[in-house]
Asks: 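This is the structure I want to talk about, given as structure tokens.
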Amino acid sequence: MNHLKQLIYNSVKSIFNIEVEVELTRPDEKFGDFSTNVAMKLSKELGKNPKEIAETLVGILSENTELVSEVSIAGPGFINLRLTDNAIFSLTNSDIDKIYQGQTIIAEYSDPNPFKPLHAGHLYTTLVGDVIARLLEKGGANTVRLNYGGDVGRHVAISMWSIIKFLGGESPEKLSEIPASERPLWLGQRYVEGNKAFEENDNYKSEIIGLNKKVYEIHKKNDHESNFAKIYWTCREWSYQAFKELYEQLEVHPFDRFIPESEVVNLGVKTLEDQLISGVYKKSDGAVIFKGEDHGLHDRVFINSEGLPTYEAKEVGLLLTKWKDYHFDKSVIITANEIDQYMKVVLKSVEQYEPELAKRTLHITHGMVKLEGGVKMSSRKGNVITAKDIIDSANQASIESRAETNKETVLAAIKYALVKNRVGGDVIYNPVESIALEGNSGPYLQYAHARARSILAKSTIDDLVVPGDLQKDERSLLRIISEFNEIINKSIIDLSPHLICNYLYELAQVFNRFYESNRVIGDDRETIRLKLVELYADRLKSGLELLGITAPDRM
RNA sequence: GCACCGGUAGCUCAGUGGAUUAGAGCAUCUGUCUUCGGAACAGAGGGUCGGGGGUUCGAAUCCCUCCCGGUGUACCA
């Protein structure tokens, strides 16, 4: 593609003496391989009709017969170009642009809170984050995968209150009565119960507020001895264990670092104190706030009137910890969109004293996960869908449709279904569709790959021939194969995994069309066609791997 | 009230200034084929791109306005 851009750029320069940025798009196949709107761009500057400009350019472009086989003008002045077979094949040899080469980029995602259940949103945000981190890495970044979680704060106090009530007092020894397999569920139930108490009873509420301070004390004193502390540390560990198990089950890339809130809270509070003096933060009704309203946002509390840091204060500590420890070129935070405006306020406040940090931070938000499609969810508490519910429903759909569950297939189904949509809106997860072997699904692509590999395995020919002088269907296949790098590059720039999904599916469709009417094994053109099959299978595999999905040779 | 994210075919979604018929999958209907893994291929029906204005040679895409859904809006995260 670069050769073509260069050719157009040079042509424009030699004729009009203008340096223009050449944009290439992929039009419908019947129009050509690439399309450019430079004529329209130039028309204003030159005061000429775009068609006239295009005609001049067509003349010079068509002289390069090495690269271009056909040039035409369309509509108001688009120039369509068809490449020679050799030129389009050479596109498959180009590399992915290393746009983040030499940069340290932090990807923060997943962020589950200990003492709370792992819901479907955690599953989603973990998978999206995992793919985005892979994209950053593919773009050449030195990627740091970070996981942040609230091991202090009100939600912990809520759980602790209910845990102690369940144990009949501060009796850590009784925790051993809860079987290991039931711990995550049990903790989740404690949180739900505690929340109810907090909302419905003022006495309980003030007890919980008291416990909140007590939890901070544990960290301040590094208390591992008191009964209260023993319960806390044990249950925190149980949560971490559950997270670890989920990540292993999902086969996501391991995290480089886990930062609990307790680790950053002091830095956050200290910063707030300093910046209170400098005037960034203000006192209001006994709390420390940031006047977001002065910046077109809204006001938020960073330290409450009890003197306890809120999530905002801890986020400040986290942002500064990342900055201090990594001096990142870019920091990407992936969370649900309910946190969007809150994050804007926190970042705006930090921008006042660390402008560079704020500038380099990118907050990507996504929507909620909802379940659809007749699979009954095992919700214990009504409307919460857990991460386990999603996995269970995929397994169940797999058993129902083909009487078996295969781990690789089920994982592919879940991962693909959750990243195939543009990041931003809500995702409606349909387990039956996700597991299906037809349609736009992960298992379909895995199957498509296995099928292609089996064709390759069947042939006795080793020396595959570089395609040249292609037939129509062969060329269509090579054409879409050649788009792979462009798609990956765009996906890396936009940090948009769904582009890869759309492409891979289309690629598989074009292949099936080709394969339907063109014999490979035993045909006169076997060596050429086999090469195309190989190029196709390789791209399916590496595309799926970028999505964190395996591409087995057999299934 | 204000802010953010959404509203495209019956359902789930691409497409976010450019070209003739706005594209896929699922679902529905019709064909092909004694199948290199048919878990395929070909085709049909189905859309006032939430409504209305505007900018432009050209708008699903940009601007204004209204409607609907979700989320957030001071001491939760």
Side-chain angles (χ1 to χ4, degrees), chain A residues 25 27-28 30-31 35 37 40 43 50 73-78 80 111 113 116 149-150 153-155 157-158 195 198 212 261 284-290 292-293 296-315 335-342 344-345 365-368 370 372-373 401-402 417 420-422 424-430 432-434 436-441 443-444 446-448 450-459 498-499 501-502 505-506 509 511-523 526 529-530 533 554-555:
Chain A
T25 55
D28 192 294
K30 64 191 167 212
F31 298 128
S35 185
N37 62 352
M40 270 99 114
S43 101
I73 302 171
F78 292 99
N80 292 325
D111 292 358
N113 287 328
K116 280 170 85 169
R154 199 177 80 183
H155 66 278
I158 283 171
N195 235 330
F198 184 86
N212 195 6
E261 280 185 5
S284 172
D285 294 340
V288 175
I289 68 159
F290 177 72
E293 281 179 12
L297 303 165
H298 59 260
D299 297 351
R300 295 206 70 112
V301 171
F302 283 61
I303 293 180
N304 69 23
S305 48
E306 295 282 330
L308 292 177
T310 62
Y311 192 67
E312 285 82 339
K314 300 169 212 164
E315 184 70 43
T335 74
N337 53 26
E338 58 192 353
I339 259 164
D340 185 54
Q341 291 168 76
Y342 139 88
K344 279 199 174 77
V345 176
T365 65
H366 59 250
M368 308 283 175
K370 294 164 182 172
E372 190 205 286
S401 68
R402 64 193 92 111
K420 77 174 178 180
N421 292 351
R422 184 176 16 123
D426 292 348
V427 175
I428 296 175
Y429 178 68
N430 181 329
V432 176
E433 260 183 36
S434 81
L437 279 162
E438 70 254 5
N440 192 359
S441 77
Y444 170 85
Q446 280 185 322
Y447 179 76
R451 200 173 162 213
R453 289 290 174 212
S454 103
I455 298 164
L456 292 168
K458 206 157 232 163
S459 174
H498 78 285
L499 300 176
C501 299
N502 290 162
Y505 184 62
E506 206 185 318
Q509 280 183 308
F511 178 79
N512 283 336
R513 231 163 276 157
F514 161 81
Y515 190 59
E516 178 71 16
S517 44
N518 296 279
R519 176 154 271 278
V520 175
I521 307 292
D523 193 88
E526 177 168 350
R529 289 182 177 169
L530 221 46
V533 175
R554 286 162 196 277
M555 48 186 297

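By convention in this document, chain letters (A, B, ...) are assigned in the order of the sequence lines, proteins followed by strands, and residues within each chain are numbered from 1.
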Asks: Please give the distance between the P atoms of B/rC41 and B/rG46 as a whole number of Å.
Replies: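 B/rC41 and B/rG46 have their P atoms separated by 24 Å.
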Asks: Could you measure between the two C1' atoms, the one in B/rC63 and the one in B/rG70, and give it in whole Å?
Replies: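 It works out to 25 Å between them.
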Asks: Indicate, with a heavy-atom threshold strictly under 4.0 Å, whether A/I339 touches base, sugar-phosphate, or nothing.
Replies: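 Touches a base.
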Asks: In whole angstrom, what separates A/E506's CD from B/rG25's C1'?
Replies: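 The distance from CD of A/E506 to C1' of B/rG25 comes to 13 Å, rounded to the nearest Å.
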Asks: Can you identify which nucleotide, out of B/rC36, B/rG15, B/rU71, has its nearest atom closest to the A/V520 side chain?
Replies: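 Between B/rC36, B/rG15, B/rU71, the one nearest the side chain of A/V520 would be B/rC36.
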Asks: Tell me what A/Y505 touches on the nucleic acid: a base, only sugar-phosphate, or nothing, going by heavy atoms under 4.0 Å.
Replies: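 A/Y505: backbone/sugar contact only, no base atoms under 4.0 Å.
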Asks: Could you give the distance separating B/rG47 and B/rU21 at their C1' atoms, to the nearest angstrom?
Replies: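 That atom pair is separated by 13 Å.
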Asks: Have a look at A/S459 and tell me which of A/V520, A/V533, A/L530 forms a side-chain contact (heavy atoms from CB on, under 4.5 Å) with it.
Replies: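 Result for side-chain contact (heavy atoms from CB on, under 4.5 Å) with A/S459: A/L530.
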Asks: Checking the side chain of A/N37 only, and the main-chain atoms of A/F78 only, is there a donor and an acceptor separated by less than 3.5 Å?
Replies: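 It does not hold such a pair.
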Asks: Check the orientation of A/Y342 and A/Y311. Use parallel for under 30°, tilted for 30 to 60°, and perpendicular for over 60°.
Replies: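 Tilted.
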Asks: Please give the distance between the P atoms of B/rA19 and B/rA42 as a whole number of Å.
Replies: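 So the two P atoms sit 24 Å from each other.
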Asks: Any idea which of B/rG25, B/rA77, B/rG15 is nearest the A/L499 side chain?
Replies: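 The listed nucleotide nearest to A/L499's side chain is B/rG15.
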Asks: Taking any strand in view, what nucleotide pairs with B/rC2 in a Watson-Crick or G-U wobble way, both distances under 3.5 Å?
Replies: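 When the pairing criteria are applied, B/rG72 turns out to be the nucleotide that pairs with B/rC2.
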Asks: Please name the pair of heavy atoms, one in A/A436 and one in A/P443, separated by the smallest distance, quoted to 0.1 Å.
Replies: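 So the minimum-distance heavy-atom pair works out to O-CB, 3.8 Å.
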Asks: Can you tell me if A/N512 touches the phosphate of B/rC41, counting only side-chain N or O atoms and a distance under 4.0 Å to OP1 or OP2?
Replies: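 Yes, such a contact exists.
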Asks: How are the rings of A/Y515 and A/F511 set relative to one another: parallel (under 30°), tilted (30 to 60°) or perpendicular (over 60°)?
Replies: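 Answer is parallel, since the angle falls under 30°.
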Asks: Among B/rC13, B/rA77, B/rG37, which is the nearest nucleotide to the side chain of A/I455?
Replies: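 Nearest to the side-chain atoms of A/I455, counting from C-beta on, is B/rG37.
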Asks: Taking any heavy-atom pair under 4.0 Å as a contact, classify A/N518: base, sugar-phosphate, or nothing.
Replies: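 The answer is base, as A/N518 lies within the cut-off (heavy atoms under 4.0 Å) of a base atom.
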Asks: Find the distance between CZ (A/R451) and CG (A/L456) and round it off to the nearest 0.5 Å.
Replies: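 It is 12.5 Å, given to the nearest 0.5 Å.
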Asks: In terms of side-chain heavy atoms of A/E438, which of B/rA14, B/rC26, B/rG37 is nearest?
Replies: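 So the side chain of A/E438 is nearest to B/rC26.
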Asks: Taking only the side-chain heavy atoms of A/A450 (C-beta and beyond), determine which of B/rG15, B/rA40, B/rG37 contains the nearest atom.
Replies: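 My answer, after comparing the listed nucleotides, is B/rG37.
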Asks: Output yes when a side-chain donor or acceptor of A/N212 lies under 3.5 Å from a complementary backbone atom of A/A157, and no otherwise.
Replies: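 Checked: no pair found.
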Asks: Between B/rA24 atom C1' and A/E433 atom CD, what is the distance in whole Å?
Replies: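 Atom CD in A/E433 sits about 12 Å away from atom C1' in B/rA24.
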Asks: Could you state the atom-to-atom distance from CG of A/D28 to P of B/rA22 in whole Å?
Replies: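 A/D28 atom CG is separated from B/rA22 atom P by 13 Å.
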Asks: If you assign A/K116 and A/Y444 each to the RNA chain B nucleotide with the nearest heavy atom, which residue ends up on the more 5' nucleotide?
Replies: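 The answer here is A/Y444.
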Asks: Considering all heavy atoms of both residues, which atom of A/R422 and which atom of A/H498 are nearest to each other, and what is their separation?
Replies: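 Heavy-atom minimum between the residues: CA-ND1, 3.5 Å.
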Asks: For B/rA44, which nucleotide is its Watson-Crick or G-U wobble mate, given both distances must be under 3.5 Å?
Replies: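 Base-paired to B/rU28.
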Asks: Given that both distances must come in under 3.5 Å, which nucleotide forms a Watson-Crick or G-U wobble pair with B/rC49?
Replies: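 None - no nucleotide pairs with B/rC49, as no candidate has both distances under 3.5 Å.
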Asks: Is the shortest side-chain N/O distance from A/K314 to OP1 or OP2 of B/rA77 below 4.0 Å?
Replies: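 So the side chain of A/K314 is within the cut-off, an N or O lying under 4.0 Å from OP1 or OP2 of B/rA77.
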Asks: Give the minimum heavy-atom separation between A/N337 and A/G367, together with the two atoms involved.
Replies: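 Distance-wise, the nearest heavy atoms are ND2-CA, 3.6 Å.
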Asks: How does each nucleotide of nucleotides 1-6 of chain B score, in 5' to 3' order, for protein heavy atoms under 4.0 Å: base (B), sugar-phosphate only (S), or none (-)?
Replies: --BSSS
Asks: Of all the choices, B/rG37, B/rU21, B/rA77, which nucleotide is nearest to the side chain of A/K30 once you look at every atom?
Replies: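 From the listed options, B/rU21 comes nearest.
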Asks: Could you give the distance separating B/rU65 and B/rC29 at their C1' atoms, to the nearest angstrom?
Replies: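 Pairwise C1' distance, B/rC29 against B/rU65, rounds to 43 Å.
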Asks: Whole-Å distance between B/rG58 P and A/M40 CE?
Replies: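 Roughly 13 Å, once rounded to whole Å.
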Asks: Any idea which of B/rG37, B/rC26, B/rA19 is nearest the A/A74 side chain?
Replies: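 Taking heavy atoms from C-beta onward, the closest nucleotide is B/rA19.
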Asks: Kindly compute the distance separating CZ (A/R300) from CD (A/Q341), expressed to the nearest 0.5 Å.
Replies: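 It is 9.0 Å, given to the nearest 0.5 Å.
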Asks: Considering every strand shown, what is the Watson-Crick or G-U wobble mate of B/rU55 when both distances are under 3.5 Å?
Replies: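 Paired with B/rU55, as far as the under-3.5 Å criterion goes, is no nucleotide at all.
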Asks: Base, sugar-phosphate or nothing for A/S517? Non-hydrogen atoms, less than 4.0 Å.
Replies: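 Nothing, no heavy atom under 4.0 Å.
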Asks: So, is A/R554 near the phosphate of B/rG37, with a side-chain N or O under 4.0 Å from OP1 or OP2?
Replies: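 So the side-chain polar atoms of A/R554 never come under 4.0 Å of the phosphate oxygens OP1 or OP2 of B/rG37.
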Asks: Does B/rG23 have a Watson-Crick or wobble partner in any strand here, with both distances under 3.5 angstrom, and which is it?
Replies: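 Per the H-bond distance test, B/rC13.
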Asks: Measure the spacing between CG of A/N304 and CG of A/D285 and express it to the nearest 0.5 Å.
Replies: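 Between atom CG of A/N304 and atom CG of A/D285 there are 12.5 Å.
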Asks: Using the P atom on both, measure B/rG50 against B/rG10 and round to a whole Å.
Replies: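 My reading of the P atoms in B/rG50 and B/rG10 gives 13 Å.
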Asks: Mark this stacking check for A/F78 against B/rA19 as yes or no, applying ring centres under 5.5 Å and ring planes under 30°.
Replies: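 The base of B/rA19 is stacked with A/F78 (centres under 5.5 Å, planes under 30°).
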Asks: Please state whether the base of B/rA14 and the side chain of A/N440 form at least one donor-acceptor pair under 3.5 Å?
Replies: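 It does not, because no donor-acceptor pair links the side chain of A/N440 to the base of B/rA14 below 3.5 Å.
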Asks: What's the spacing between A/I158 CD1 and A/K116 NZ if we round to 0.5 Å?
Replies: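 Answer rounded to 0.5 Å: 8.5 Å.
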Asks: What's the closest nucleotide to the A/R513 side chain, out of B/rA24, B/rC41, B/rA14?
Replies: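 That would be B/rC41.
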Asks: With C1' as the reference atom in both, quote the distance from B/rU61 to B/rG15 in angstrom, rounded to an integer.
Replies: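 Taking atom C1' in both B/rU61 and B/rG15, they lie 9 Å apart.
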Asks: Between CZ of A/R529 and CD1 of A/I521, what distance do you get to the nearest 0.5 Å?
Replies: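 CD1 of A/I521 is found 11.5 Å from CZ of A/R529.
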Asks: With respect to the phosphate group of B/rG25, does any side-chain polar atom (N or O) of A/Q509 fall under 4.0 Å of OP1 or OP2?
Replies: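 Checking A/Q509 against B/rG25: at least one side-chain N or O falls below 4.0 Å of OP1 or OP2.
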Asks: Between B/rU28 and B/rG45, how far apart are the C1' atoms? Round to whole Å, please.
Replies: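 That atom pair is separated by 9 Å.
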Asks: Would you indicate, yes or no, if B/rG37 has its OP1 or OP2 atom less than 4.0 angstrom from a side-chain nitrogen or oxygen of A/K458?
Replies: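 Answer is yes, contact under 4.0 Å.
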Asks: What distance separates A/R154 CZ from A/T310 OG1, expressed to the nearest 0.5 Å?
Replies: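 Rounded to the nearest 0.5 Å, the CZ-OG1 separation comes to 11.0 Å.
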Asks: Hey, what are the protein-to-nucleotides 73-75 of chain B N/O distances that come in under 3.5 Å?
Replies:
residue : atom : partner : partner atom : Å
B/rA74  : N1   : A/S284  : OG           : 2.8
B/rC75  : O2'  : A/N304  : ND2          : 3.2
B/rC75  : O2   : A/S305  : N            : 2.6
B/rC75  : O2   : A/S305  : OG           : 3.4
B/rC75  : N3   : A/S305  : OG           : 3.2
B/rC75  : N4   : A/D285  : O            : 3.4

Asks: Please work out if A/E293 contacts a base, only the sugar-phosphate, or nothing of the nucleic acid, heavy-atom cut-off 4.0 Å.
Replies: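 A/E293: no heavy atom of the nucleic acid under 4.0 Å.
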Asks: Please state how far atom CD1 in A/I521 lies from atom C1' in B/rU35, giving the value in whole angstrom units.
Replies: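 In whole Å, B/rU35 C1' and A/I521 CD1 are 15 Å from each other.
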Asks: Give one of base, sugar-phosphate or nothing for A/N80, where a contact means two heavy atoms less than 4.0 Å apart.
Replies: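 Counting heavy atoms under 4.0 Å across all strands, the contact made by A/N80 includes a base.
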Asks: Counting the atoms with a prime plus P, OP1 and OP2 as sugar-phosphate, which does A/A448 contact under 4.0 Å by heavy atoms, base, sugar-phosphate, or nothing?
Replies: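 A/A448: no heavy atom of the nucleic acid under 4.0 Å.
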Asks: In whole angstrom, give the distance that lies between atom NE2 of A/H498 and atom P of B/rU12.
Replies: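 For the pair A/H498 NE2 and B/rU12 P, the rounded distance is 18 Å.
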